[in-house]
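Working notes for the structure below.
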Amino acid sequence: MKRDGENKSLWQDVQMSNATNENQEKTYEVIIAGAGITGLTAGYLLQKAGKNCLILEADNIGFGSTGGTTAHINTFYDAQYDQVIKDFGEDDAKLLAQTGPEVISQIKKIIADHQIECDFEDRASYVFSLDKKQTEKLDHLYEATVKVGLPAERVSANPFPIPFDKIIKIDGQAQFHPLKYIKALSEEFLKMGGTISLGQKVTDVSEKDQLVEVKTEQSNYQTQDFIWATHVVPNINRMNFLAAPYRSYVVAFTLQSDEYPKAQAADLCEPYHYYRTQEIDGKKYIIAGGEDHKTGQEENPEERFQNLEEYVRDYFDVEEITHRWSSQFYTPTDGLPFIGKSPGDQHIYWATAYDGNGMTFGTLSAMMISDLINGKKNKYEQLFDPSRLNVKAGILDTLKESSDAVFHLIVDKFTAEKIKSLEEIKSGEGKTVSYEGNTVSIYRDDSGTLHAVKSACTHMGANVSWNKTEKSWDCPCHGARFDIDGKVLNGPATKDLEIVDLKE
Ligand SMILES: Cc1cc2nc3c(=O)[nH]c(=O)nc-3n(C[C@H](O)[C@H](O)[C@H](O)COP(=O)(O)OP(=O)(O)OC[C@H]3O[C@@H](n4cnc5c(N)ncnc54)[C@H](O)[C@@H]3O)c2cc1C
């Protein structure tokens with residue numbers, strides 16, 4: 001199964017369905033763009049509720065971050081409860097704390113109803129501090145987690161072999177194999193009469209006379225309701241300023257011993273490291289992640305993998321690093337995801353900016369939007385409203401992210417290295433360069449063939465930069481990514497980079 005990067009994740013051996021409905025209609029009750037956990041859960045719930053749904057997927061099922069996740073299903077989030085209490089108030093923090101347990105119950109119900117084999121397991125999660133500063137943070141996190149009503153307790157041992165200053169345990173977490181789970185969702189969706197059409201990138205949607213017109217590169221459709229379940233909302237919109245794209249790195253490894261703790265854990269470094277175990281086809285792994293950075297802003301992503309590998313080798317009796325991969329997530333400037341009606345629209349929905357908590361928030365989005373489309377009230381509607389502007393929480397980060405984007409939009413334009421000859425690009429190397437008066441992004445593959453594209457990102461025009469480890473062109477402005485021949489891998493761009501024909 002393909003993913004939006006060159007490295008293979010631990011999950012990718014799952015064979016996804018190619019099912020498309022040959023007799024595709026042009027009108028549906030609900031159209032969903034994106035077949036990751038958000039789109040497939042939404043499709044499943046809405047089709048089950050009697051809606052005739054079409055899922056349009058630009059690539060293949062699981063192509064996005066659901067294929068590159070680490071699949072913890074948590075009830076505490078990257079936006080820690082102490083911060084949420086400060087920024088949104090105690091009542092909203094308590095409301096937020098209800099989301100995780102509800103999502104886990106929903107996932108358990110779907111698994112039980114269809115006897116899905118997806119390695120689902122209940123887990124406790126441990127959070128630990130490494131120094132005094134982190135301990136202060138941990139104390140705040142602990143007190144706030146208890147205050148919002150989640151089962152946190154102070155403990156004295158770390159199930160993972162990592163020294164710590166203080167540690168807490170939060171019960172009621174879970175995990176699964178994300179692609180086995182969404183494969184089953186897709187199959188149940190199809191069985192109920194839903195349609196999935198692969199290789200269909202949605203390029204534009206607009207509301208007219210109570211209907212939504214949906215354009216893909218191949219077709220036009222009409223629908224009563226439309227959901228952007230594409231992780232990032234494509235094209236130019238307010239989310240460009242309210243969420244920032246990050247790359248995050250993961251390694252999976254086996255141990256010389258058989259000491260695989262049945263637990264999850266994370267430290268409080270910035271960015272933090274996290275650990276969990278997973279068994280696939282009888283083989284046990286430890287998954288460790290971290291080393292996050294803004295997309296397109298790391299010159300040497302290989303070093304991030306090396307740091308992570310060195311870090312885990314310091315603590316674990318590593319037998320073999322079996323997998324390493326990176327993937328993308330989007331951090332909201334005020335800490336909470338944006339889920340619900342797109343600002344100014346009645347029938348177009350957004351589900352985005354989940355930070356590193358998209359198993360929970362992707363499922364929650366599907367539950368919420370399914371309620372809204374079915375005319376039911378949802379208690380979280382206001383908390384996650386995409387029209388909100390939380391001045392207290394997000395304004396400084398919004399300004400910071402916006403000025404960072406503008407910086408890359410303008411400054412990177414003047415910094416492309418000048419080359420005189422294409423021979424200066426060696427095999428395996430990718431560079432955005434100035435060549436014969438044009439700014440071109442060139443990659444020479446291992447067989448010596450050149451792949452060249454125009455450097456200006458088709459979203460807002462910033463120059464893309466080379467991601468050596470995932471072999472992609474990544475935009476430092478809003479995180480759009482393209483493959484070596486310019487094909488969109490991640491939005492918000494929807495248009496491919498133009499191929500440049502260079503003669504050697
Ligand atoms: C390294 C890493 C580890 C993570 N670990 C966790 C974790 O442990 N727990 C957790 O809760 N979250 C985690 N996350 C976050 C989580 O993986 C994501 O938030 C989640 O997978 C997003 O799911 P999604 O369905 O919304 O988007 P995706 O899985 O990205 O799916 C979007 C789909 O939309 C398609 N698409 C895009 N544009 C278009 C278009 N224009 N038209 C049609 N289709 C389109 C894409 O091809 C893709 O298949 C992690 C993220 C990273 C990067």
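Everything numeric in this text was worked out from a predicted model, so none of it was measured. We count ligands from 1, going down the list as the structure has it; atoms in each ligand are counted the same way.
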Could you tell me which atoms of ligand 1, counted from 1 in the order shown, lie closer than 4.0 angstrom to a heavy atom of [X]?
X: I37; answer: 23 (O), 25 (O)
X: T360; answer: 11 (O)
X: Y274; answer: 3 (C)
X: S248; answer: 1 (C)
X: A229; answer: 32 (C), 34 (O)
X: Q328; answer: 53 (C)
X: T69; answer: 3 (C), 4 (C), 5 (N), 6 (C), 7 (C), 12 (N), 13 (C), 14 (N), 16 (C), 17 (O), 50 (C)

Record the part of [X] in heavy-atom contact with ligand 1 below 4.0 Å; permitted values are side chain, backbone, both and neither.
X: A351; answer: neither
X: W325; answer: neither
X: R247; answer: neither
X: L56; answer: backbone

So, [X] side chain and [Y] main chain: donor-acceptor pair closer than 3.5 Å or not?
X: S365; Y: I339; result: no
X: Q175; Y: T277; result: yes
X: K487; Y: D496; result: no

Distance to 0.1 Å, residue and atom name: give those for the protein heavy atom nearest to [atom].
atom: atom 49 (O) of ligand 1; answer: E57 OE1, 2.7 Å
atom: atom 31 (O) of ligand 1; answer: G36 CA, 3.7 Å
atom: atom 10 (C) of ligand 1; answer: G356 O, 3.2 Å
atom: atom 28 (P) of ligand 1; answer: S65 N, 3.6 Å
atom: atom 21 (O) of ligand 1; answer: T66 OG1, 3.0 Å
atom: atom 41 (N) of ligand 1; answer: V202 O, 2.9 Å

I want to know if ligand 1 touches [X] in the polar sense, i.e. an N/O pair below 3.5 angstrom.
X: T230; result: no
X: I73; result: no
X: T70; result: yes
X: G62; result: no
X: G358; result: yes
X: M359; result: yes
X: S327; result: no

Revision key, fill the gap. Filtering A366, G68, A71, A58 for the heavy atom nearest atom 2 (C) of ligand 1 leaves G68
Review point. With respect to atom 27 (O) of ligand 1, which of E291, K2, H231, K201 exhibits the smallest heavy-atom separation?
Key: H231
Check your understanding: Would you say the ring centroid of Y44 lies under 6.0 angstrom from that of F189?
Key -> no
Check your understanding: Do the two ring centres, one from Y249 and one from H273, sit under 6.0 Å apart?
Key -> no
Could you label the plane-to-plane angle of the [X] and [Y] rings as parallel, tilted or perpendicular, counting under 30° as parallel and over 60° as perpendicular?
X: H323; Y: W325; answer: perpendicular
X: Y275; Y: F128; answer: parallel
X: W473; Y: W466; answer: tilted
X: Y77; Y: F361; answer: tilted

Check your understanding: Within 45° of the axis and under 6.0 Å from the centre of the six-membered ring of Y221, does NZ or CZ of K26 qualify?
Key -> yes
Review point. Does R388 make a cation-pi contact with F338 (under 6.0 Å, within 45 degrees of the axis)?
Key: yes
Exercise for review: State whether K468 and E6 are salt-bridged, where the test is any N-O pair (Lys NZ or Arg NE/NH1/NH2 against Asp/Glu carboxylate O) under 4.0 Å.
Suggested key: no
